[in-house]
Amino acid sequence: PHLGSGGHGSLDKSITLPPDEIFRNLENAKRFAIDIGGSLTKLAYYSTVQHKVARVRSFDHSGKDIENEPLYEISVQEEITARLHFIKFENNYIETCLDFIKDHLVNTETQVIKATGGGAYKFKDLIEKKLGLKVDKEDVMTCLIKGCNFLLRNIPHEVFAYQKDSDTEFRFQTNHPNIFPYLLVNIGSGVSIVKVESEDKFEWIGGSSIGGGTFWGLGALLTKTKKFDELLQLASKGQHTNVDMLVKDVYGGACQTLGLSGNLIASSFGKSTTADKEFSKEDMAKSLLHMISNDIGQLACLYAKLHNLDKIYFGGFFIRGHPVTMRTITFSINFFSKGEVQALFLRHEGYLGAIGAFLKGAEQDNPNQYSWGENYAGSSGLMSTSPDVYPMQRTRSGTFDMFEMDRLERPLVNLPLLKDPSTYIPDTVDLTDDAMARKYWLTCFEEALDGVAKRAAASQPDSVDAPERAEKFRQKYWNKLQTLRQQPFAYGTLTVRSLLDTREHCLNEFNFPDPYSKVKQKENGIALKCFQSVIESLDSLGWEERQFALVKGLLAGNVFDWGAKAVSDVLECEPQFGFEEAKSKLQERPWLEDSYSQWLERLKGPPHKCALIFADNSGIDIILGVFPFVRELLSRGTEVILACNSGPALNDVTYSESLIVAERIAAMDPVIQSALKEEKLLLVQTGSSSPCLDLSRLDKGLAVLVRERKTDLVIIEGMGRAIHTNYYAALKCESLKLAVIKNSWLADRLGGKIFSVIFKYEVPCK
């Protein structure tokens with residue numbers, strides 16, 4: 001279905017996307033904000049989203065024969081969460097969109113719409129008439145800064161530096177825990193330069209009347225071009241050296257005494273005063289772009305130096321992800337600052353005003369007290385700037401661009417034990433950089449997709465529409481993978497973690513909250529029956545033999561990962577494949593030699609005060625691998641914090657499942673029972689629903705506990721948490737990273753075989 005063009009003569013276009021894709025969940029919208037610029041409208045609304053979640057609950061087993069009963073009950077319940085929606089479209093569509101919103105508004109809780117941008121005045125009457133909401137105008141710069149702060153806090157790969165001539169155009173930055181101070185340069189018709197020192201402390205420190213408006217106005221005169229984007233398109237094809245006078249044109253080469261290279265511009269449009277000829281539109285547009293970008297760059301750089309700032313964020317209509325503007329601004333800043341100041345851009349810079357206006361209208365709800373996360377399933381991603389995709393992609397500004405953020409249940413913070421949070425990068429391999437790895441992993445996820453869709457449909461046998469929803473999931477994730485083939489930078493740095501997280505978002509989008517819930521239930525039940533015999537076997541060993549057996553058991557348990565195709569194929573075909581079979585698969589040597597002997601030597605010393613363990617899979621992994629290891633640490637006098645995912649991902653154990661498992665183990669084992677009772681063993685949630693682990697976004701309660709208990713050992717287990725992420729993570733305390741490599745390609749890359757193991761014991765430098 002299409003949306004019609006409305007009654008206005010100038011609104012002669014139709015919306016080319018299905019309405020359920022554009023104004024998603026509009027019937028549950030509670031509050032609105034709008035930012036209307038010279039040509040683009042950005043609409044923000046907050047809605048409540050009803051979706052399915054999987055819950056587990058322990059059965060009351062008192063007085064029953066529980067031998068053949070499932071371990072716990074699984075139920076799928078409806079849960080309501082909060083979501084922010086942002087939509088960007090051309091002003092030509094505004095009346096059509098307002099009509100559509102008016103027809104679908106059901107549950108709005110407000111009588112006011114916050115508005116910012118120059119167009120807020122122009123369209124005030126139209127908005128009030130169409131929506132019946134009072135327009136409350138907000139200051140543009142205040143909204144931009146509030147929006148910028150919000151994104152810097154909540155989107156890990158929001159900021160990037162642009163490097164046109166490198167293999168990776170977009171170099172995404174690590175989020176610094178402290179985002180202040182910075183310089184925000186907004187280039188609209190003119191230029192505004194604002195120093196931002198804190199959430200509420202900022203000042204306008206300068207500006208220029210020479211900005212995007214100058215570029216467009218002069219460009220229109222020079223080239224007879226009527227549209228800003230067309231002018232930039234011309235500039236992208238131009239050669240400014242045909243119009244500009246360079247240093248080498250004046251000196252015959254470089255000017256050594258002043259340290260100027262021969263290719264620097266000495267005079268913009270300099271050749272037009274001496275050459276008696278016509279210049280091409282493309283060359284004039286490029287020369288003009290360089291002139292204005294250099295002027296803005298020098299101005300911004302001088303202000304940054306004056307205020308001792310090394311970060312400048314650029315935004316505004318002039319930028320909008322255009323490669324030619326980002327390239328010229330970057331060159332200018334680098335040149336004038338001699339590389340000391342960095343020109344930075346934002347993935348969602350077009351939404352700053354709308355986000356800020358929304359936050360102004362939602363102050364009573366205090367949205368900043370929550371953590372928010374990008375919903376990859378409902379977001380368009382960053383446009384491509386590569387020449388082959390560029391013209392086609394730019395036409396999307398004639399349709400719609402979308403961005404969604406989900407409010408997370410719990411605030412997320414850094415793990416206090418990170419050595420340097422400002423340089424911590426969770427991911428081991430950057431697939432945006434590594435073309436060979438990118439091709440492999442995208443193909444790997446494509447090939448696994450049919451199996452995931454089948455698993456999702458099979459997980460809800462009583463639901464009539466499960467096959468249809470599973471197919472919609474398959475199509476959506478397939479489309480995301482194709483986008484990422486063309487535009488690997490669409491959602492920030494492309495990694496195995498982001499591919500896994502996008503898949504989880506798409507599964508949730510179509511109400512498959514936990515496709516592996518029944519698999520986990522069954523495997524937990526089977527593993528619990530073996531727990532006592534595993535403990536008896538361990539207790540019969542001498543001390544040194546037992547330490548080796550515990551590590552081997554931990555690694556063998558980690559084999560049971562339904563996310564790895566090599567394992568899921570075995571588990572599908574060989575239901576009897578168990579703990580002993582997994583041990584026999586391990587490729588032990590040479591993994592032990594140095595790292596294990598250092599670990600063993602450390603165990604001969606005084607016990608650790610407190611160990612933080614990040615668990616991986618359900619079933620054999622958590623019950624026969626992790627819990628015996630936990631039990632040994634407790635026996636040594638070490639307290640243990642066992643951290644499990646807050647929500648489901650693949651067959652990873654969740655916090656709620658771990659509570660039931662621990663309760664059942666405690667009934668069999670006095671060491672675990674007393675540790676739970678005396679709070680020497682604490683079960684906590686990570687705040688994550690991912691098969692990987694980002695130590696910069698962990699549950700605040702976990703971080704508090706880590707500090708309180710003076711944690712001095714961190715154990716990270718599993719391929720997703722210890723290899724795809726955190727392999728190079730540097731911590732302030734001792735750490736142990738263990739995993740089994742269950743992927744042939746990755747094993748080959750690391751110089752081993754499939755089922756090779758990683759055992760990495762690290763002690764921080766004093």
Side-chain angles (χ1 to χ4, degrees), residues 37-40 90 161-166 169-170 185-191 208-246 249 263-273 275 277-300 314-336 343 345 349-350 382-398:
S39 60
L40 291 174
E90 287 182 354
Y162 185 73
Q163 301 167 311
K164 175 61 183 169
D165 297 319
S166 74
E169 286 178 276
F170 297 83
V185 179
N186 192 61
I187 313 171
S189 299
V191 179
S208 170
S209 59
I210 298 172
T214 320
F215 175 63
W216 182 82
L218 285 175
L221 286 171
L222 288 169
T223 67
K224 305 293 185 286
T225 306
K226 292 180 182 175
K227 284 192 176 175
F228 187 84
D229 281 4
E230 287 174 12
L231 192 60
L232 283 175
Q233 189 75 2
L234 282 177
S236 71
K237 297 171 184 170
Q239 184 57 262
H240 76 98
T241 54
N242 293 334
V243 181
D244 294 341
M245 190 175 287
L246 307 182
D249 296 323
N263 291 321
L264 286 176
I265 298 170
S267 170
S268 294
F269 289 92
K271 288 177 182 172
S272 65
T273 60
K277 65 171 187 176
E278 286 286 315
F279 293 96
S280 76
K281 291 178 179 182
E282 290 84 356
D283 293 347
M284 287 192 290
K286 189 62 167 280
S287 175
L288 182 63
L289 179 71
H290 275 275
M291 184 180 82
I292 289 169
S293 296
N294 285 334
D295 178 70
I296 294 167
Q298 185 174 27
L299 201 59
F314 287 90
F317 188 78
F318 186 68
I319 304 291
R320 284 184 302 128
H322 278 289
V324 282
T325 56
M326 292 192 297
R327 187 183 187 185
T328 50
I329 291 270
T330 299
F331 177 84
S332 173
I333 291 290
N334 195 48
F335 175 77
F336 288 115
F345 306 92
E349 66 86 17
L382 191 65
M383 289 187 192
S384 174
T385 61
S386 59
D388 52 331
V389 186
Y390 171 72
M392 177 191 80
Q393 282 296 323
R394 285 292 156 211
T395 64
R396 205 174 73 196
S397 65

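Numbers here are sequence positions counted from 1. For the numbers below, each heavy atom of this structure counts, side chains included, while hydrogens, waters and symmetry mates do not.
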Beyond-backbone contact of L246 with L264, side-chain heavy atoms, under 4.5 angstrom: no
Verdict with supporting geometry, I296 and V185, side-chain contact (heavy atoms from CB on, under 4.5 Å): CA-CA 9 Å; I296 294 167; V185 179; 4.3 Å; yes
With sequence neighbours excluded, residues passing ring-ring contact (aromatic ring centres under 6.0 Å, His included) with F336: none
Pairwise distance CE(M284) to CD(E278) - rounded to 0.5 angstrom: 7.5 Å
Ring centroid separation F170 to Y162 under 6.0 Å: yes
Side-chain donor-acceptor distances from residues 326-335 under 3.5 Å, at least two apart:
{"from": "R327", "atom 1": "NH2", "to": "D165", "atom 2": "OD1", "distance (Å)": "3.3"}
{"from": "R327", "atom 1": "NH2", "to": "D165", "atom 2": "OD2", "distance (Å)": "3.0"}
{"from": "T328", "atom 1": "OG1", "to": "S293", "atom 2": "OG", "distance (Å)": "2.9"}
{"from": "T328", "atom 1": "OG1", "to": "V324", "atom 2": "O", "distance (Å)": "3.0"}
{"from": "T328", "atom 1": "OG1", "to": "T325", "atom 2": "O", "distance (Å)": "3.0"}
{"from": "T330", "atom 1": "OG1", "to": "M326", "atom 2": "O", "distance (Å)": "2.7"}
{"from": "S332", "atom 1": "OG", "to": "N294", "atom 2": "O", "distance (Å)": "3.4"}

Closest non-hydrogen atom pair, F279 against S272: CE1-CA, 3.5 Å
For V243, the option from L288, D283, I265 that meets side chain to side chain contact (heavy atoms under 4.5 Å, CB included): D283
Separation between CD of Q233 and CD of E282, rounded to the nearest 0.5 Å: 10.0 Å
Distance-minimising heavy-atom pair for R320 and L40: CD-CD1, 3.8 Å
Any donor-acceptor N or O pair under 3.5 Å, side chains S287, D244: yes
Spacing of NZ belonging to K237 relative to OG belonging to S280, to within rounding of 0.5 Å: 11.5 Å
Any donor-acceptor N/O pair, E349 side chain to I319 backbone, under 3.5 Å: no
Verdict with reasoning, I187 to F317, per side-chain contact (heavy atoms from CB on, under 4.5 Å): CA-CA 6 Å; I187 313 171; F317 188 78; over 6 Å; no
Smallest separation among heavy atoms of L232 and H322, with atom names: CD1-CD2, 3.2 Å
